[in-house]
2 protein chains.
Amino acid sequence: MADLRGGDLSRLRQLNSLTAIRELRGSGPLTLSALAERTGLSRPSMKEVTDELMALGWVEEVPPSQGTMGRPARRYRFRADSGHLVGVDIGGHNIRAALSDLDGRILAETRQPVLPGAPLAERLAAIERAVSGCLALSRTSVEQVWLISVGTVGTIDVEGRVIYSAAVPAWRDLDLAGALREVFPCQVLIENDSRLAAMAETRRGVAKGARDVVFLHVGRRMGAGLIIGGKVHRGFGAAAGEISMLPEARWFDAPEHLNTCACVPEGTPPEDAAGYTLAAARDGDPVAIEAVERYVDDLAVGAAAMVLIMDPQMVVLGGGFSRSADVLLDRLRERLERRCMRLPEVRASTLGDECVVVGAIDYAVEHLDEQLFTPDRGPLPVTR
Amino acid sequence: MADLRGGDLSRLRQLNSLTAIRELRGSGPLTLSALAERTGLSRPSMKEVTDELMALGWVEEVPPSQGTMGRPARRYRFRADSGHLVGVDIGGHNIRAALSDLDGRILAETRQPVLPGAPLAERLAAIERAVSGCLALSRTSVEQVWLISVGTVGTIDVEGRVIYSAAVPAWRDLDLAGALREVFPCQVLIENDSRLAAMAETRRGVAKGARDVVFLHVGRRMGAGLIIGGKVHRGFGAAAGEISMLPEARWFDAPEHLNTCACVPEGTPPEDAAGYTLAAARDGDPVAIEAVERYVDDLAVGAAAMVLIMDPQMVVLGGGFSRSADVLLDRLRERLERRCMRLPEVRASTLGDECVVVGAIDYAVEHLDEQLFTPDRGPLPVTR
DNA sequence: CTGACTTACGAAGGAGCGCTTCATTAGTAG
DNA sequence: CTACTAATGAAGCGCTCCTTCGTAAGTCAG
């Protein structure tokens with residue numbers, strides 16, 4: 001039930017302006033006639049609307065397309081460059097940042113390595129360096145950034161305070177949103193990284209267009225993100241997807257099967273062990289295959305729980321181990337098939353390491369849209 | 001992002017009419033001034049809207065309230081009696097039906113006993129008897145019924161075809177919606193009964209107002225229904241909530257702890273065994289308590305999985321065993337607290353056996369609202 | 001290069017909806 | 001009976017969108 005409310009005449013104009021913007025955002029430059037047809041308005045009215053939007057800086061004219069019959073029509077397009085969005089991925093070893101326009105098109109990316117045990121101040125400084133780097137790369141000033149969207153491990157409450165973070169202990173109880181707001185003069189959004197990755201996959205990855213998606217983060221730690229009805233599902237206490245806490249789901253220690261496999265040569269750094277096992281399994285090493293089988297056995301229990309409870313359209317395998325999806329996918333499918341009523345599609349992430357940053361951007365775009373298209377908050381800033 | 005679309009001037013009127021209807025439905029009879037204030041319109045405009053709605057039969061005038069200062073204001077109210085809704089609960093042993101007005105206020109209820117093994121035709125006949133009974137009780141003709149909403153065990157696909165039903169094998173592959181549509185000349189909705197019970201609890205039961213709710217059906221069979229964002233969550237293949245299929249969740253055989261308890265006297269009919277055990281546990285029988293502990297141990301695993309994955313605001317315990325909620329609730333809470341990051345509220349259903357019928361009615365109301373308040377489908381039938 | 005054709009533009013006039021304003025009406029309080 | 005209160009109903013205005021028309025700016029055929 002949409003939040004429709006009638007009202008003044010001016011409200012009707014507002015509604016029409018917003019539909020126009022939405023159409024322009026959705027499909028490149030459009031002529032007046034095309035816009036009129038899509039929005040259902042007459043051409044003269046459409047003209048008035050676009051004139052207003054141009055004056056406000058939301059829309060601009062582009063050169064008419066040539067070679068058509070008849071008088072060339074003016075074309076208009078959404079000014080995606082009238083503002084910018086920043087996405088940040090705060091990982092254990094790396095901090096990634098990306099800058100995008102208002103359509104979520106990525107303009108620049110940077111990465112700042114950081115030691116897992118680095119103190120708080122150092123981490124925050126690295127975040128600032130990563131973001132500034134992006135801005136510098138595309139010659140954008142920080143005032144042009146409308147929204148910063150951050151993904152990190154752990155659970156984050158509604159106000160952007162970190163509740164719990166196993167990977168980055170220093171994060172606990174930190175008012176992350178507040179700390180970032182002091183550095184960057186704009187709105188700050190914080191979300192769990194698995195949820196943002198899930199978002200990215202449904203917006204531009206392998207699950208594009210799906211409404212209900214379960215994203216499995218398989219890597220040195222296990223995590224999950226849910227998309228329900230096309231939107232990120234946070235849960236009442238922002239703790240949705242934490243199935244790895246349940247011993248019976250057998251997720252928490254699952255990676256140990258890969259880490260402690262006998263096939264891993266002595267002296268291998270612990271963070272490379274699992275990767276080695278997966279590679280060995282691909283090459284047919286029976287010991288490694290045995291370890292992978294046991295790993296997927298465990299992975300499938302928690303995954304089946306999520307599938308049975310949610311009945312999603314698709315399960316997406318992401319995170320570090322998803323590089324070895326060829327070794328994992330069929331095995332996971334086979335086990336899910338056995339346990340679930342209806343086997344959803346099971347696919348591997350296509351976005352790789354950028355998954356979370358890109359998801360942060362997509363999350364920001366969604367947030368922006370929501371502000372834009374929610375009546376009573378009115379078309380946002382004007383002619384920046 | 002609301003489904004806002006601008007358009008014609010008449011569209012604005014439509015929007016205003018709908019908000020007026022919504023306000024009137026929400027809070028009893030209202031005067032013009034009150035309506036105007038709530039919708040944001042001016043009084044003269046409001047008058048025009050209500051005149052139109054009266055002409056269409058959606059709204060009627062009621063006598064003005066007396067004893068107020070100044071000229072008594074006309075009062076208007078939504079004509080909830082201008083149409084009717086029917087809810088049906090197809091259980092193993094009973095078929096319940098209820099008739100309500102368009103606000104979901106229940107006007108009549110009936111129950112038809114039916115044998116678990118009854119053939120298809122007999123069951124359908126019982127449904128028809130139950131519904132006709134309701135109509136007769138409140139002297140309503142079948143033409144006045146806008147919507148029939150049915151709850152049943154098993155999974156039902158989008159078109160109303162039964163995919164799977166453990167309790168009623170004859171149901172399998174039956175086009176239930178189609179069969180009912182042949183008998184009743186109106187729209188037919190089919191849903192899983194646990195989901196409808198969940199709906200009832202969030203609409204008028206113990207979880208009223210909550211947006212994310214997990215409903216646990218505890219009884220001779222186990223089931224679950226999810227409410228996410230205030231709406232029933234079906235899942236992509238209408239199979240959401242089927243966690244009892246997962247052996248590791250330990251739900252499927254959980255009731256056996258109660259059924260086969262040594263405390264149950266020989267000769268007790270099998271359907272009463274669990275109830276006996278629960279009652280004995282309440283009275284302090286240590287053997288029964290032991291069985292209940294084991295039962296809740298199992299129940300808590302699947303429940304914890306749902307809580308960890310969804311992070312709901314509330315868990316509602318419903319179904320036959322919830323009559324013994326006093327024996328179960330604290331034990332369940334204690335186990336969930338141990339397993340989950342954040343313990344949601346855990347409460348017992350307050351609606352009892354009528355849960356599913358009432359939920360069916362609520363589901364019908366929601367469906368109606370959605371049709372009503374979704375633009376482009378326009379205010380439904382006129383002056384019935 | 002010219003004329004026919006196609007398509008878009010822009011201005012003018014009209015209808016619908018909501019707003020404000022003001023005199024009128026129907027009650028209660030003293 | 002009079003003063004006061006609050007709703008009613010009618011009149012006039014402004015905004016938004018619509019339809020209709022003549023005009024402008026291209027392409028295409030000869």
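Distance OH (A:Tyr76) to C1' (C:dA8): 11 Å, rounded to an integer number of Å. In this structure, A:Arg75 atom CZ and C:dA8 atom C1' are separated by 14 Å, rounded to whole Å. Atom-to-atom, CD of B:Gln14 to P of C:dG18 comes out at 12 Å; the value is rounded to the nearest Å. Whole-Å rounding puts the A:Met46 CE to C:dA8 P distance at 15 Å.
Between C:dC19 and B:Ser42, a contact under 4.0 Å exists linking OP1 or OP2 to a side-chain N or O.
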Inset, instruction - Using a 4.0 Å cut-off on protein heavy atoms (strictly under), produce a 5'-to-3' string for nucleotides 9-16 of chain D with B for base contact, S for backbone-only sugar-phosphate contact, and - for none. - result: S-----BB
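The side chain to side chain donor-acceptor pair (under 3.5 Å) check on A:Thr140 picks up A:Ser138, with sequence neighbours excluded. Qualifying salt bridge (charged side-chain N to carboxylate O under 4.0 Å, His left out) partners for A:Arg13, counting only residues two or more places apart in sequence or in other chains: A:Glu48, A:Glu52. Legend: residues meeting side chain to side chain donor-acceptor pair (under 3.5 Å) with B:Ser141, ordered by chain and number and at least two apart, are B:Glu143. Every salt bridge (charged side-chain N to carboxylate O under 4.0 Å, His left out) that A:Arg204 has, sequence neighbours left out, goes to A:Asp362. With sequence neighbours excluded, no residue satisfies side chain to side chain donor-acceptor pair (under 3.5 Å) with B:Thr350. For B:Arg77, the salt bridge (charged side-chain N to carboxylate O under 4.0 Å, His left out) criterion is met by B:Glu60, not counting sequence neighbours. For B:Arg105, the salt bridge (charged side-chain N to carboxylate O under 4.0 Å, His left out) test picks out B:Asp101, with sequence neighbours left out. Partners of B:Phe184 by side-chain contact (heavy atoms from CB on, under 4.5 Å), not counting sequence neighbours, listed by chain and number: B:Glu128, B:Val131, B:Val142, B:Ile148, B:Leu180, B:Cys186. Contacts of B:Asp212 classified as side chain to side chain donor-acceptor pair (under 3.5 Å), with partners at least two apart in sequence or in another chain: none.
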Close N/O contacts between protein and nucleotides 1-4 of chain D (under 3.5 Å):
none

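Ion pairing between a basic and an acidic side chain is recognised when a charged N comes within 4.0 Å of a carboxylate O; A:Glu191 and A:Arg234 show such pairing.
Fit an axis to the five pairs at each end of the helix from C:dC1-D:dG30 to C:dG30-D:dC1 and the two axes sit 10° apart, to the nearest 10 degrees.
Here B:Thr31 lies out of heavy-atom contact (under 4.0 Å) with every strand.
DNA chain D is contacted by both A:Thr68 and A:Val49; A:Val49 maps to the nucleotide lying nearer its 5′ end (nearest heavy atom per residue).
Counting only N and O atoms by type, the side chains of B:Thr50 and B:Arg74 include no donor and acceptor under 3.5 Å apart.
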